[in-house]
Amino acid sequence: MHQLPQISEAEYEVMKVIWKYAPISTNEVVEKLSHTHDWSPKTVQTMLARLAKKGVLTYEKDSRMFVYSPLVKQEDYIRQESDSFLNRFFNGNVGSMVSAFLEQEELSTNELDELQALLKRKLEKGDS
């Protein structure tokens, strides 16, 4: 997988809407984001233009509206960000990361059971 462009936290919020609802118009993006953010329509339009310039999404003009679609899969972006986090903070060592979270986080019994089930499935699949 080639290196995907870096996007800001705010741009990521816009992309989550695009990934979920694409193809989606500018007005629809603004409306969806208005439930969770107090950004002006102009701010959202600026972020959409920035994301298009970065090659993360594309758009088509449909009469007087722009309609956006992602060029990057959400799973690919999350994988890249996860790898970056792992390398930056834990030298790429998953075991160190899991140990740090287990030691520092208050995990419920349910969360621990979920982790145990994930590990068991991973072992059964024989993935290394």
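Numbering starts at 1 and runs along the sequence shown.
- Across all non-hydrogen atoms, the minimal contact from Pro5 to Val56 is CG-CG2, 3.7 Å.
- With sequence neighbours excluded, no residue satisfies side chain to side chain contact (heavy atoms under 4.5 Å, CB included) with Ser34.
- Between Ala10 and Met47, the shortest heavy-atom distance links the atoms CB-SD, 3.5 Å.
- With rounding to the nearest 0.5 angstrom, the CD atom of Glu13 is 7.5 Å from the CD atom of Glu9.
- Leu112 and Phe101 fall within a single hydrophobic cluster, where Ile, Leu, Val, Met, Phe, Trp and Tyr are joined by side-chain heavy atoms under 4.5 Å apart, directly or via other members.
- Taken to the nearest 0.5 Å, the CD1 atom of Ile18 stands 11.5 Å off from the CD atom of Gln74.
- Residues forming a side chain to side chain contact (heavy atoms under 4.5 Å, CB included) with Ser99 (at least two apart in sequence, or on another chain): Glu103.
- Nearest heavy-atom pair, Lys61 versus Arg64, reported as atom, atom and distance to 0.1 Å: CE-CA, 4.4 Å.
- The structure places CG of Leu115 at 10.0 Å from CG of Asn110, a figure rounded to the nearest 0.5 Å.
- Side chains of Glu31 and Asn27 form no contact here, defined as non-hydrogen atoms less than 4.5 Å apart.
- Listed here is the closest heavy atom pair of Ser69 and Pro23: OG-CB, 3.8 Å.
- In this structure Phe89 satisfies the ring-ring contact (aromatic ring centres under 6.0 Å, His included) test together with Phe85, sequence neighbours excluded.
- The nearest pair of heavy atoms linking Leu4 to Gln80 is N-OE1, 2.7 Å.
- Looking at Asp76, its side chain never comes within 3.5 Å of a backbone N or O of Val72 through a donor-acceptor pair.
- With hydrogens and angles disregarded, a donor-acceptor distance shorter than 3.5 Å links the side chain of Asn93 to the backbone of Ser96.
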Step by step, would you call Thr26 with Met65 a side chain to side chain contact (heavy atoms under 4.5 Å, CB included)?
CA-CA 7 Å; Thr26 306; Met65 281 190 302; over 6 Å; no
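- For the residue pair Thr46 and Thr43, no side-chain donor N or O sits within less than 3.5 Å of a side-chain acceptor on the partner.
- Put simply, OG on Ser84 and CD on Gln6 are 6.5 Å apart, with the number rounded to the nearest 0.5 Å.
- Using cut-offs of 30° and 60° for the angle between ring planes, the Trp19 and Tyr77 rings count as tilted.
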Report the C-alpha separation of Glu124 and Arg121 in whole Å, then their side-chain angles, then the decisive distance to 0.1 Å, and conclude whether the salt bridge (Lys or Arg N to Asp or Glu O under 4.0 Å) test is met.
CA-CA 5 Å; Glu124 288 171 353; Arg121 280 197 303 275; over 6 Å; no
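- One distance of note links CD of Gln104 with CG of Leu107; it measures 11.0 Å at 0.5 Å rounding.
- Residues passing the side chain to side chain contact (heavy atoms under 4.5 Å, CB included) test with Ser82 are Ile78, sequence neighbours excluded.
- Qualifying ring-ring contact (aromatic ring centres under 6.0 Å, His included) partners for Phe66, counting only residues two or more places apart in sequence or in other chains: Tyr59.
- Leu102 and Val94 fall within a single hydrophobic cluster, where Ile, Leu, Val, Met, Phe, Trp and Tyr are joined by side-chain heavy atoms under 4.5 Å apart, directly or via other members.
- Counting heavy atoms from C-beta outward, Gln45 and Arg50 have side chains that stay 4.5 Å or more apart.
- Tracing side-chain contacts under 4.5 Å through hydrophobic residues (I, L, V, M, F, W, Y), one never reaches Leu48 starting from Val67; they form parts of separate clusters.
- For Glu28, the side chain to side chain contact (heavy atoms under 4.5 Å, CB included) criterion is met by Ile24, Ser25, not counting sequence neighbours.
- For the pair Glu111 (side chain) and Ser108 (backbone), a donor-acceptor distance under 3.5 Å is present.
- In terms of hydrophobic clustering, with Ile, Leu, Val, Met, Phe, Trp and Tyr side chains grouped at heavy-atom distances under 4.5 Å, Trp39 and Tyr12 are assigned to a common cluster.
- Considering NZ of Lys16 and NZ of Lys32, their distance stands at 14.5 Å, rounded to 0.5 Å.
- Of all heavy-atom pairs spanning Met15 and Pro70, the tightest one is CE-CB, 4.2 Å.
- Cluster annotation: Leu71 is not connected to Tyr21 through the hydrophobic network of ILVMFWY side chains, with a link wherever side-chain heavy atoms come within less than 4.5 Å.
- For the pair Glu11 (side chain) and Leu51 (backbone), a donor-acceptor distance under 3.5 Å is absent.
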